[in-house]
Amino acid sequence: MADTIFVLNGPNLNLLGLREPDIYGTDTLDDIAGMLEDRAQALGLAIDMRQSNHEGHLIDWLHEAQATGARAVLLNPGGYTHSSVALHDAVKSIAVPVIEVHLSNPHARERFRHRSLVGQAARGTIAGFGAQSYLLALEAAARI
């Protein structure tokens with residue numbers, strides 16, 4: 001699975017396209033998956049895209065990325081970005097590079113969103129470009 005990129009999405013991202021489109025855009029998670037699949041194929045990579053509203057699933061999937069030898073993880077932790085020490089620790093516990101991804105720019109939003117516990121452990125963060133944030137993160141993952 002060395003050419004596989006895990007794309008992990010946290011809580012409420014299953015509602016993309018419906019939830020606050022003025023902030024998150026109108027693309028659904030399936031739309032983003034399609035864009036990523038197309039670009040990954042052109043880069044000679046495979047995408048393993050998942051979403052869960054449960055923190056433990058995200059942690060298990062990070063461990064799985066390590067165990068299967070994934071090339072990288074793109075992680076949009078949703079609301080867990082600002083609150084999950086457990087996700088922070090899981091990211092730090094694996095050697096697979098993790099790129100934090102956000103559709104919106106957390107620093108341009110409410111003050112509580114300005115701190116990212118996950119970002120403190122991630123290799124890098126790409127945020128604020130809507131669905132393009134995922135494509136930019138995929139390009140970065142292809143180059144590390």
Side-chain angles (χ1 to χ4, degrees), residues 1-17 19-40 42-43 45-66 68-144:
M1 295 194 63
D3 288 331
T4 299
I5 308 290
F6 276 48
V7 182
L8 306 180
N9 297 279
N12 300 310
L13 291 163
N14 55 306
L15 298 177
L16 286 180
R19 178 183 175 230
E20 300 177 272
D22 53 317
I23 294 173
Y24 301 110
T26 57
D27 290 310
T28 66
L29 205 54
D30 285 341
D31 294 335
I32 293 169
M35 289 185 271
L36 285 172
E37 289 285 346
D38 291 345
R39 187 65 190 129
L43 293 167
L45 300 169
I47 295 295
D48 186 338
M49 186 142 167
R50 305 172 187 191
Q51 187 277 330
S52 180
N53 293 319
H54 305 282
E55 183 180 39
H57 292 159
L58 297 169
I59 292 166
D60 289 343
W61 294 338
L62 286 164
H63 295 174
E64 183 183 339
Q66 173 75 23
T68 59
R71 181 181 188 126
V73 174
L74 311 184
L75 173 60
N76 184 340
Y80 291 135
T81 300
H82 323 288
S83 63
S84 180
V85 172
L87 271 178
H88 167 96
D89 290 349
V91 170
K92 286 188 76 164
S93 73
I94 63 173
V96 176
V98 175
I99 301 170
E100 181 185 37
V101 178
H102 295 287
L103 296 159
S104 67
N105 178 356
H107 297 287
R109 298 185 59 199
E110 302 94 339
R111 187 167 184 76
F112 74 87
R113 296 185 194 275
H114 295 183
R115 182 179 77 151
S116 171
L117 296 177
V118 173
Q120 292 172 19
R123 174 80 175 261
T125 300
I126 298 177
F129 299 99
Q132 293 297 312
S133 293
Y134 284 87
L135 292 172
L136 293 167
L138 178 62
E139 294 284 343
R143 287 166 174 69
I144 20 181

Asks: Measure the CZ-CG distance between R71 and L45 for me, rounded to the nearest 0.5 Å.
Replies: 5.5 Å

Asks: What pair of heavy atoms forms the shortest contact from G10 to L58, and how long is it?
Replies: CA-CD1, 3.8 Å

Asks: Quick one: ring-ring contact (aromatic ring centres under 6.0 Å, His included) partners of H54, sequence neighbours excluded?
Replies: H57

Asks: With distance as the sole test, does T4 use its side chain to make a donor-acceptor pair with the main-chain N or O of A46 at under 3.5 Å?
Replies: no

Asks: Between V96 and A72, what is the shortest heavy-atom contact and its length?
Replies: CG1-CA, 3.5 Å

Asks: Taking all heavy atoms of V101 and all of N76, pick out the closest pair and write down the distance.
Replies: O-CG, 3.1 Å

Asks: Which pair of heavy atoms, one from I99 and one from A140, lies closest together, and at what distance?
Replies: CD1-CB, 3.9 Å

Asks: May I have all residue pairs that pass side chain to side chain donor-acceptor pair (under 3.5 Å) and include part of residues 119-131, sequence neighbours excluded?
Replies: E100-T125

Asks: Heavy atoms only: give me the nearest I47-L36 pair and the separation to one decimal.
Replies: CG1-O, 3.9 Å

Asks: Are the side chain of N12 and the backbone of N53 linked by a donor-acceptor contact shorter than 3.5 Å?
Replies: no

Asks: Keeping Y80 on the side-chain end and L87 on the backbone end, is there a donor-acceptor pair under 3.5 Å?
Replies: no

Asks: Would you please name every residue forming a side chain to side chain contact (heavy atoms under 4.5 Å, CB included) with D27, sequence neighbours left out?
Replies: D31, I32, M35, A131

Asks: Quick check: closest heavy atoms across S133 and I126, and the distance to 0.1 Å?
Replies: O-CG2, 3.7 Å

